[in-house]
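Just below is one structure, and these are the notes that go with it.
Below, read A as the first sequence line, B as the second, and so on, with proteins coming before strands; counting in each chain starts at 1.
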2 protein chains.
Amino acid sequence: MGMNDNIQIHMDEYLPLRDVVFKTLRQGILTGELKPGERLMEIHLATRLGVSRTPIREAIRMLELEGLVTMIPRRGAEVAQITEKNLRDVLEVRRALDALAVELACERITGEEKQALADACEEFERATGSKDAKVITQADVKLHDIIVTAARNERLTKLVNDMSEQMYRYRFEYIKDETKHQSLIEEHRIIYRSIVECDKQTASEAIKTHIDNQEKSIINQIYARQA
Amino acid sequence: MGMNDNIQIHMDEYLPLRDVVFKTLRQGILTGELKPGERLMEIHLATRLGVSRTPIREAIRMLELEGLVTMIPRRGAEVAQITEKNLRDVLEVRRALDALAVELACERITGEEKQALADACEEFERATGSKDAKVITQADVKLHDIIVTAARNERLTKLVNDMSEQMYRYRFEYIKDETKHQSLIEEHRIIYRSIVECDKQTASEAIKTHIDNQEKSIINQIYARQA
DNA sequence: ATACAATCCTTTGTATACAAAATGCAGAGA
DNA sequence: TCTCTGCATTTTGTATACAAAGGATTGTAT
């Protein structure tokens, strides 16, 4: 030992092309670069990304299962339509899962994590000062990450992360709205305090409010865009 | 209209090979035919199922995202290990989602569905009399299907179905245990009644108890198998 | 001008071929 | 006997080739 620790080979840098393609397409869809309804044609994507059709196809299979693309038999894939119903469905589920996460976190959070959570709250407050949506978003993500991690449930973590990512583009817009910042800070504080005090009831209510506010904002955005 | 209705071509019979392979492998894993830790080698599977490697690979990508197989870089896929932690995680989430489902069902269930639910309850009672685990399981699935459908949330439906399927093999064993039948019937009745009466609180508690009982049984089974 | 039909072209679905990495085994040396 | 090294085999990762289905376009007939 000792020597091996220095080697520090980034052996884990290897990623199959399918995963690269998967992440790329996913990113494209979530940021809106690839628009809903847009067809995903294999040769097209393959030449564009400089790979063959095989990794593209495998990536599409993954996106399909995540619900980000819709398959039409013998016609191929297209970026899934986002309907209002669809979003409400996702948020409805996410609300329940986030509530579960904070309740579990109340029971299982460690001392270190409590500290990390406190730090993350402060960090978020500072980030709102920066007026940089990206920084704020990162702080927000960090905070929520600590909570779901503290829930000690891998399946839950994966689900919550998947669902948050689906709202990526909307969350970004939401966080740009500075009038919401103060209430966000307040919500985070309540969540933090109730988790530390192991007050499941309050924590769960607070996170539900948190999601509900996001929902309202997102629904507004949809109408705004349509108009 | 009229004429076209008669044609009734089963045009939708077409399924890409990848989906056939997917379903086959999935079934194999869930029934325990393919055991945890078993390697899934592509050529092997391909010759066995009489197809080429391509559909096999695409099916594996899907299974991977469902968490049924684990990928080891440059080594391929193997059937995911089922740990006790893993099962507890799934059940913990399922508990919350099922609770959400009944609560939503309380609000949204239609008159027809109420009738269907009543029928399904009776059907289940009759099924327990048959002593045929398969028949009983079917009746149980039917009942739960009606509930999640009544929740009117497609995302939720998909998640709940996925999670139930993951416990397929255990559920089967559970339902074989005749000593549990009476309490199962009782639980179903409570759930049914509270949904009809739109009593979310009771419905949610009842379904949670329902899942908790399943959990106990499953954990017991695991210890029994290990011993 | 419109409707219908044949044909071509695009695109997916599937199979196969080739390259690179990893594993296992055997043999040589200490 | 044990270990290390090198080779052979296996298996994945990626690319390409071929077939069939769908859609579009063009031409023709009414």
Scan nucleotides 5-15 of chain D nucleotide by nucleotide, 5' to 3', and note B when protein non-hydrogen atoms come under 4.0 Å of the base, S if they reach only the sugar-phosphate, - if neither. ------SBBBB

Please name all residues satisfying side chain to side chain contact (heavy atoms under 4.5 Å, CB included) with A:V135, sequence neighbours left out, ordered by chain then number.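 Only A:A127, A:S130, A:D132 meet the side chain to side chain contact (heavy atoms under 4.5 Å, CB included) criterion with A:V135.
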
Does any N or O in the side chain of B:S164 come within less than 3.5 Å of the main-chain N or O of B:V160, such that one atom is a donor and the other an acceptor?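 A pair under 3.5 Å: yes.
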
Side-chain (B:R61) to main-chain (A:M62) donor-acceptor, under 3.5 angstrom: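 No; zero donor-acceptor contacts below 3.5 Å.
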
Look up atom CG in A:D140 and atom NE2 in A:H210, then write down how far apart they are to the nearest 0.5 Å.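 Spacing of CG (A:D140) from NE2 (A:H210) equals 5.5 Å.
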
Who pairs with B:F124 by ring pair (Phe, Tyr, Trp, His ring centres under 6.0 Å), at least two apart in sequence or on another chain? B:H188

